[in-house]
Amino acid sequence: MIEVRLPDGAVRTFPEGTTLREVAGAIGSRLAKAAVAGSVDGRAVDLEYRLTTAAAVSVITADSEAGLEIIRHSTSHLMAQAVKELFPATQVTIGPAVENGFYYDFAHDRPFTTEDLGLIEARMRELVKADLPITRELLPRDAAIALFREMGEIFKTEIIGDIPEGEEVSLYRQGNFVDLCRGPHVPSTGRLGHFKLLSVAGAYWRGDSRNQQLQRLYGTAWADEKGLKAYLHQLAEAEKRDHRRLGRELELFSLQEEAGGGLVFWHPMGSRVRHVIEEFWKQQHREAGYEFLHTPHLANRELWRTSGHLDFYSESMFNPLTVDAEQYQVRPMNCPFHILIFRQGLRSYRELPLRWAELGTVYRYEMSGVLHGLFRVRGFTQDDAHIFCRADQIEAEIEAILELTLATLRTFGFADFQINLSTRPAKSVGSDAIWEKATAALRQAIARQGLDHVEDVGGGAFYGPKIDVKITDAIGRKWQCSTVQLDFNLPERFDISYIGEDGQRHRPIMIHRALMGSLERFFGVLIEHYAGHFPLWLAPVQAVVLTITEAHDAWAEEVRRTLLAAGLRVESDLRNAKVGYKIREHTLKKVPYLLIIGDRERQERTVSLRGRQGKDFGAVPLAELVSRLLTETRTRTATQGPGQLQEETP
RNA sequence: GCUGGCGUAGCUCAACUGGCAGAGCAACGGAUUUGUAAUCCGUAGGUUCGGGGUUCGAUUCCCCGCGCCAGCUCCA
């Protein structure tokens, strides 16, 4: 008999050779039914795994993260089986689980079509119905190589070739399909079924563009129909929120073929939003003790040699221009310019910290294939700042930056934060002492803000540790916008210094930081986060006054002028059209408030207030309306979210 | 940059295997003076992404280029 320790601490004894399936069954029949795999001493294994020694055992169920991953992995194998049955000449390569689903890379003589996807999916469903057992077997490495070579699977043969000689490899069989795999897998194909194939894409063997291009099939898989439905719904929701679509519909911005890829045109409505964002940003930075800079978009290329960008960043830089006899460079970053300003004159320790901010537009060469709406562009504006400080000021500065960052992000409606701290990589500049001190300061600052963080050990840049903040949007997607980065390198390269208390020259520490990152990208995130329903303080048009007939024009004009004078972004719609028509039009433009004026309102000097979700706030006197809209604007509260997007197209 | 898909009116999309390039919405003109998500009638709108080729004839087939989309790659 062997002792088995369960997750709740209980210890039970079973005969040697008991399978995990039997353990699960002994605990409860419900658990046995939900089980997809198990874990023995922390290692994921199949349900058929036989216990030979005492161990800590837990059962992995379909509804857990680990269980889902196994289901996705097994579904990927199911897809490979279907593909092999339909297209026997296809060779299999690898097929892992990924976030929300799985993929499998095939070597196929032609690209798969959407029709193929349908066929494959149908075959997969047949295989699920057949409920084929999925069995594991061990084979010596060389025997496995021989087996796959005989099957003509050269990619698999190559993979096994990388496994050290003399080791055993595991194979999984389901029906006639056999695949090299570490596992674990669900016990039979009948355990799968809540999946959908999504797309075909090219991918390179081993991710190397010099290698053969493979056909990658993507799919999603879930523990139950509810999970699948919810995910497909989220995909549809994301499409409805697509900032490229909303950007055109709401006349916010455009990208133009004539001008070139990745270059953003902010239209009047988008520019209004940007203006509000920038004003907010400036106010916050003024209050936080920042000064503002404006620096050129172009400079002598030598500067970029000094900064080191030419050595390690030139692939992302546009080609230089020749100006007179000199080479000039469009800037991909703002930092060298801020350093040049720092270097003007002698700096005293009394001046530090210096906090210098700039909404600096930079240009980076991105490969044409990666450009994507506002999310990936070639010209964008960073809400950049550089802080020059003494080593003993690092912690306080980082803490202040984090506080400012979180306050900013919260104002834009983001509540979930994931903080990553990246520490010293193998190759780096700067002394051990400064790295240790700086990293400890970053950790401390995060803790002081009452935040948890994840450490990416060795993930920092060579010039200093960094903190990244990821936000979660309204439909659960994560975005990294904010970054705080210590730099021990640039001050060195530009040889900047300040005079310390001791009268000696000292090297300042430089902190790079951006809260929104790129204004363009952040705007894109905001559009999708709010699904175009900007809160009142951001909305390009905050209210539209609309009349029933032209008899109401005079009062409508007075209302409009009053709101305009109060600083609100208001427009009027005096067109000779039915109210229903006007309401529909402005609702589709997602205007937060509609102010409807007819005989009654004119008589009583009120407006009938309607929210963009269709909510009727009744008649509101003009003075009350002004204070109400101003309060909502000033407090930057977000009322009237997107709600059910379907309602917009009744 | 690479692979694949796509490119028709401002937008969404039609046009059987090559045979007169169309609809709805939007725009514009007129009528309608209207109470909480679409009033009616009319007008105009096109180098079918660009260039070349095959053909009696190309939106359709072929080649080259550009752009977009998905993915890969890249990401200080």
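Keep in mind that this is a model prediction, so the values were computed, not measured. Chain A is the first sequence line, chain B the second, and so forth, proteins listed ahead of strands; every chain is numbered from 1.
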Under 4.0 Å, heavy atoms only, any strand: does [X] hit a base, just the sugar-phosphate, or nothing?
X	answer
A:Tyr103	nothing
A:Arg376	base
A:Arg575	nothing
A:Ser316	nothing
A:Gln480	nothing
A:Gly369	base
A:Tyr581	sugar-phosphate
A:Asp599	base
A:Ala577	base

Hey, what do you get for NZ (A:Lys590) to CD (A:Gln613), rounding to the nearest 0.5 Å?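 Going from the NZ atom of A:Lys590 to the CD atom of A:Gln613 covers 9.0 Å.
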Output for pair (A:Arg355 CZ, A:Ile511 CD1), nearest 0.5 Å, gives 9.5 Å
In whole angstrom, give me the gap between the [atom1] atoms of [N] and [M].
N	M	atom1	answer
B:C16	B:U59	C1'	15 Å
B:U55	B:C11	C1'	35 Å
B:A21	B:U8	C1'	8 Å
B:C72	B:A58	C1'	35 Å
B:C20	B:C66	C1'	30 Å
B:G57	B:G53	C1'	15 Å

For A:Arg575, is there an ion pair with A:Glu585 - N to carboxylate O distance below 4.0 angstrom?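 Result for this pair is yes, salt bridge flagged.
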I'd like to know if A:Arg560 pairs up with A:Glu571 as an ion pair, taking the criterion as any Lys NZ or Arg NE/NH1/NH2 lying under 4.0 Å from an Asp or Glu carboxylate oxygen. no
By nearest atom, which of the nucleotides [options] is closest to the [X] side chain?
X	options	result
A:Arg610	B:G35, B:U36, B:U73	B:U36
A:Ile596	B:C72, B:G35, B:U39	B:G35
A:Ile583	B:G1, B:U33, B:U36	B:U36
A:Lys578	B:C74, B:U39, B:U36	B:U39
A:Arg584	B:G35, B:U36, B:A37	B:A37
A:His372	B:G35, B:U36, B:A70	B:A70
A:Thr587	B:C74, B:A37, B:A70	B:A37
A:Ser368	B:C11, B:G1, B:G35	B:G1
A:Val370	B:U36, B:U73, B:U33	B:U73

Determine which nucleotide pairs with [N], using a 3.5 Å limit on both distances of a Watson-Crick or G-U wobble pair.
N	answer
B:C2	B:G71
B:U54	none
B:A9	none
B:A27	B:U43

Determine, step by step, whether A:Trp222 and A:Tyr231 satisfy the ring-ring contact (aromatic ring centres under 6.0 Å, His included) criterion, reporting the C-alpha distance in whole Å, the side-chain angles of both residues, the deciding distance to 0.1 Å, and the verdict. CA-CA 9 Å; A:Trp222 298 83; A:Tyr231 178 67; 5.3 Å; yes
Taking only the side-chain nitrogens and oxygens of A:Arg244, find out if one of them lies under 4.0 Å from OP1 or OP2 of B:A70.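 The answer is yes; a side-chain N or O of A:Arg244 sits under 4.0 Å from OP1 or OP2.
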[X] [atom1] to [N] [atom2]: how many Å, rounded?
X	N	atom1	atom2	answer
A:His552	B:U36	NE2	P	13 Å
A:Phe617	B:G35	CZ	P	23 Å
A:Asp616	B:G35	CG	C1'	11 Å
A:Glu585	B:A26	CD	P	8 Å
A:Gln215	B:C2	CD	P	17 Å
A:Phe375	B:C75	CZ	C1'	17 Å
A:Lys589	B:A38	NZ	P	17 Å

Is it the case that the base of B:G10 and the side chain of A:Glu251 share a donor-acceptor contact (distance under 3.5 Å, atom types as modelled)? no
If each of A:Arg216 and A:Gly308 is mapped to the nucleotide of RNA chain B with the nearest heavy atom, which maps nearer the 5' terminus, i.e. the 5' end?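 This one resolves to A:Arg216.
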Assign each of A:Leu371 and A:Lys466 to its nearest nucleotide of RNA chain B by heavy atoms, then name whichever residue's nucleotide is nearer the 5' end. A:Leu371
Only one of A:Arg477, A:Arg245, A:Arg244 clears salt bridge (charged side-chain N to carboxylate O under 4.0 Å, His left out) with A:Glu528; which? A:Arg477
Hey, which of A:Thr381, A:Asn334, A:Thr295 is the one that makes side chain to side chain donor-acceptor pair (under 3.5 Å) with A:Glu358?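 Only one option passes, and that is A:Thr295.
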Yes or no on side-chain hydrogen bond (donor to acceptor under 3.5 Å, both in side chains) for A:His552 and A:Glu550, after CA distance, side-chain angles and deciding distance? CA-CA 5 Å; A:His552 314 118; A:Glu550 62 192 10; over 6 Å; no
